[in-house]
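Written out below as structure tokens is the structure these notes cover.
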Amino acid sequence: MNDVIIIGGSFAGLAAALQLGRARREVTVLDTGLPRNRFAGHSHGLLGHDHKPPLQILAEARQQLARYPSIRLVNARAESICGTIDDFSVLIGGESLRARRLILSYGVADQMPAVQGFAESWGSSIVPCPYCDGFEVAGQHWGLVWSGPQSHNHVRLYHDWTDTLTVFADGHEIAPDIRADLARRHIPVVEGRIIEIGRHGSRHATVKLDSGPDVAVDILFAHPRNKPSASLHESVGLATVNTPQGIAIKVDERRETSTPGIYAAGDLANPLMASVTLATSHGATAGIFAQQSMLV
Ligand SMILES: Cc1cc2nc3c(=O)[nH]c(=O)nc-3n(C[C@H](O)[C@H](O)[C@H](O)COP(=O)(O)OP(=O)(O)OC[C@H]3O[C@@H](n4cnc5c(N)ncnc54)[C@H](O)[C@@H]3O)c2cc1C
């Protein structure tokens with residue numbers, strides 16, 4: 001019997017494992033090796049690891065975990081979970097593993113829109129987060145694909161990086177008061193639906209529309225909808241909260257879910273923002289409080 005099985009061994013899951021391994025708890029980490037930022041050349045904003053390839057950060061973390069004899073890293077997909085506190089089962093490839101606690105850290109998957117060139121540009125000329133990629137393109141011409149009223153907050157945010165922003169309505173209604181605010185900020189709104197993202201000359205992204213001329217920008221920010229990378233939380237009926245882009249598993253301040261003994265961390269359980277720093281922090285929190293919940 002494991003003390004804890006961690007499902008998803010990326011930033012959140014490995015951070016949880018580190019705390020549990022240092023507390024000499026028996027931990028199995030299951031992972032399929034598809035972290036959300038695998039499309040990005042570099043990861044930014046994680047103290048001590050700024051501007052490193054994300055897969056390098058994870059490889060270094062796995063290497064460091066090898067010091068801890070009670071941590072087992074397994075390259076496998078968790079297929080199902082069941083049970084209750086002190087007796088959970090996780091199915092992998094026909095084998096059933098048991099654990100007293102579970103930590104779910106299997107992340108979310110971004111749903112690429114059916115726009116030619118979008119998926120190919122994701123992580124390079126199309127990115128979601130200014131904290132991750134804004135510094136490198138500060139002062140340049142940014143584009144924002146409107147995805148709803150929350151996009152207005154992005155407009156306000158981006159001023160810290162650039163004064164040259166173009167909004168692409170992409171078929172969304174933008175309320176008159178928001179349009180007035182965009183006009184006050186001298187931000188043009190390009191109407192029409194985006195049908196293709198291409199590259200042209202020195203510009204990084206050329207946005208092709210179903211009406212009107214192409215528009216070139218240096219970088220395009222977009223927030224496609226996402227969904228959890230697995231549905232294991234549904235099978236045990238965990239409570240969730242809605243986010244503008246999808247859903248997140250509901251957790252308390254110790255990262256425990258609505259089911260006692262099941263913890264969740266990382267993007268899967270963070271409705272506020274996706275970040276490696278927050279994922280590792282929440283993963284460590286889940287690991288520590290899962291361990292403390294087993295004290296005699
Ligand atoms: C293009 C892009 C660029 C980004 N750049 C940055 C950046 O510069 N800085 C920053 O702080 N953040 C960045 N982010 C956000 C960052 O990627 C996430 O916040 C972070 O990866 C979340 O970590 P996580 O551990 O929660 O999930 P993930 O890193 O997504 O890892 C989830 C893991 O679970 C595994 N898994 C899924 N299902 C199963 C299953 N059933 N069984 C076993 N394993 C499973 C997956 O294979 C994966 O390894 C970026 C995101 C994107 C999309």
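Computation of the quantities below employed the complete heavy-atom set of this structure, encompassing side-chain atoms and omitting hydrogens, waters and symmetry-equivalent molecules. Just so we're clear, the structure is a prediction, and the values are computed from it rather than from any experiment. Just follow the structure's listing: the first ligand is 1, and inside any ligand the first atom is 1.
Checked against Trp161 for a side-chain contact (heavy atoms from CB on, under 4.5 Å), the options Leu157, Asp163, Thr164, Leu165 give a single hit: Leu157.
With a heavy-atom cut-off of 4.0 Å, Asp110 touches ligand 1 through its side chain alone. Proximity of Phe39 to ligand 1, defined as any heavy-atom pair under 4.0 Å, is not found for any part of the residue.
Salt-bridge check for Lys227 with Glu234: failed, with every basic side-chain N at 4.0 Å or more from each acidic carboxylate O. Under 4.0 Å is where a charged nitrogen must lie from a carboxylate oxygen, and between Asp87 and Arg98 at least one such pair does. Between Asp86 and Arg100, at least one side-chain nitrogen of the basic residue sits less than 4.0 Å from a carboxylate oxygen of the acidic one, meeting the salt-bridge criterion.
Of all protein heavy atoms, the one closest to atom 6 (C) of ligand 1 is Cys132 SG, 3.1 Å. At the shortest separation from atom 38 (N) of ligand 1 among protein heavy atoms lies Tyr106 CB, 3.5 Å. Protein heavy atom closest to atom 4 (C) of ligand 1, with residue, atom name and distance, is Asn37 CB, 3.7 Å. What sits closest to atom 26 (O) of ligand 1 on the protein, heavy atoms only, is Asp267 N, 2.9 Å. Given atom 1 (C) of ligand 1, the protein heavy atom at minimum distance is Gly123 CA, 3.7 Å. Looking from atom 30 (O) of ligand 1 to the surrounding protein, the closest heavy atom is Arg36 N, 2.9 Å. With respect to atom 36 (N) of ligand 1, the closest heavy atom belonging to the protein is Thr32 OG1, 3.2 Å. Looking only at protein heavy atoms, the nearest one to atom 9 (N) of ligand 1 is His44 O, 2.8 Å.
The atoms of ligand 1 that sit less than 4.0 Å from any heavy atom of Leu30 are 43 (C), 44 (N). Against a heavy-atom cut-off of under 4.0 Å, Ala274 is close to the following atoms of ligand 1: 19 (O). Within the listing of ligand 1, atoms 32 (C), 34 (O) sit less than 4.0 angstrom from a heavy atom of Ser105. Close approach of ligand 1 to Gly266 (heavy-atom distance below 4.0 Å) involves ligand atoms 26 (O). Counting atoms of ligand 1 from 1 in the listed order, those under 4.0 Å from a heavy atom of Ala279 are 22 (C), 23 (O). Less than 4.0 angstrom separates some heavy atom of Ala78 from each of these atoms of ligand 1: 40 (C), 41 (N), 42 (N), 43 (C). Of all atoms in ligand 1, numbered sequentially from 1 with element shown, those under 4.0 Å from a heavy atom of Gly8 are 34 (O), 35 (C), 44 (N). Against a heavy-atom cut-off of under 4.0 Å, Ser10 is close to the following atoms of ligand 1: 25 (O), 28 (P), 29 (O), 31 (O), 32 (C), 33 (C), 49 (O).
Residue contacts with ligand 1 include Ala76, since one of its heavy atoms falls under 4.0 Å from the ligand. Residue contacts with ligand 1 do not include Tyr131, since none of its heavy atoms lies under 4.0 Å from the ligand. Using a non-hydrogen distance threshold of 4.0 Å, Gly45 does not register as a contact of ligand 1. For Ser43, the closest heavy-atom approach to ligand 1 falls below 4.0 Å.
Considering backbone and side-chain atoms alike, Gly33 places an N or O below 3.5 Å from some N or O of ligand 1. Every N/O-N/O distance between Gly9 and ligand 1 stays at or above 3.5 Å. When only interatomic distances are considered, the shortest N/O to N/O separation between Leu34 and ligand 1 falls below 3.5 Å.
With a 4.5 Å cut-off on side-chain heavy atoms, Val4 and Arg25 do not count as touching. Annotation: side chain of Val189 is not in contact with side chain of Phe168 (no heavy-atom distance under 4.5 Å). Using a 4.5 Å cut-off on side-chain heavy atoms (C-beta onward), Val215 and Thr206 make no contact. Using a 4.5 Å heavy-atom cutoff, the side chains of Phe11 and Leu58 are in contact.
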Tell me which donor-acceptor pairs under 3.5 Å the side chains of residues 32-49 have, and how far apart each pair is, sequence neighbours excluded?
residue: Arg36; atom: NE; partner: Asp110; partner atom: OD1; Å: 3.4
residue: Arg36; atom: NE; partner: Asp110; partner atom: OD2; Å: 2.9
residue: Arg36; atom: NH1; partner: Asp267; partner atom: OD2; Å: 2.9
residue: Arg36; atom: NH2; partner: Asp110; partner atom: OD1; Å: 2.7
residue: Arg38; atom: NH1; partner: Leu34; partner atom: O; Å: 3.2
residue: Arg38; atom: NH1; partner: Pro35; partner atom: O; Å: 2.9
residue: His44; atom: ND1; partner: Cys132; partner atom: O; Å: 2.7
residue: His44; atom: NE2; partner: His51; partner atom: ND1; Å: 2.8
residue: His44; atom: NE2; partner: Glu136; partner atom: OE2; Å: 3.3
residue: His49; atom: ND1; partner: Lys52; partner atom: NZ; Å: 3.0

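With hydrogens and angles disregarded, no donor-acceptor distance shorter than 3.5 Å links the side chain of Thr243 to the backbone of Pro271.
Arg72 CZ to Ile5 CD1: the interatomic distance, rounded to the nearest 0.5 Å, is 8.0 Å.
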Quick one, His141 with Thr166, criterion side-chain hydrogen bond (donor to acceptor under 3.5 Å, both in side chains). Give me CA distance, side-chain angles, the key distance, then yes/no. CA-CA 8 Å; His141 183 184; Thr166 296; 2.8 Å; yes
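The heavy atom nearest to atom 16 (C) of ligand 1, considering only Asp31, Ile7, Val276, is found in Val276.
Heavy atoms of other residues, nucleotides or ligands lying less than 6.0 angstrom from CD of Gln116 number 12 at most. The number of heavy atoms from other shown groups lying within 6.0 Å of CZ (Arg185) is above 12.
For residues 211-232, every residue pair satisfying the ring pair (Phe, Tyr, Trp, His ring centres under 6.0 Å) rule, not counting sequence neighbours, is listed here: Trp142-Phe221, His154-His223, Tyr158-Phe221.
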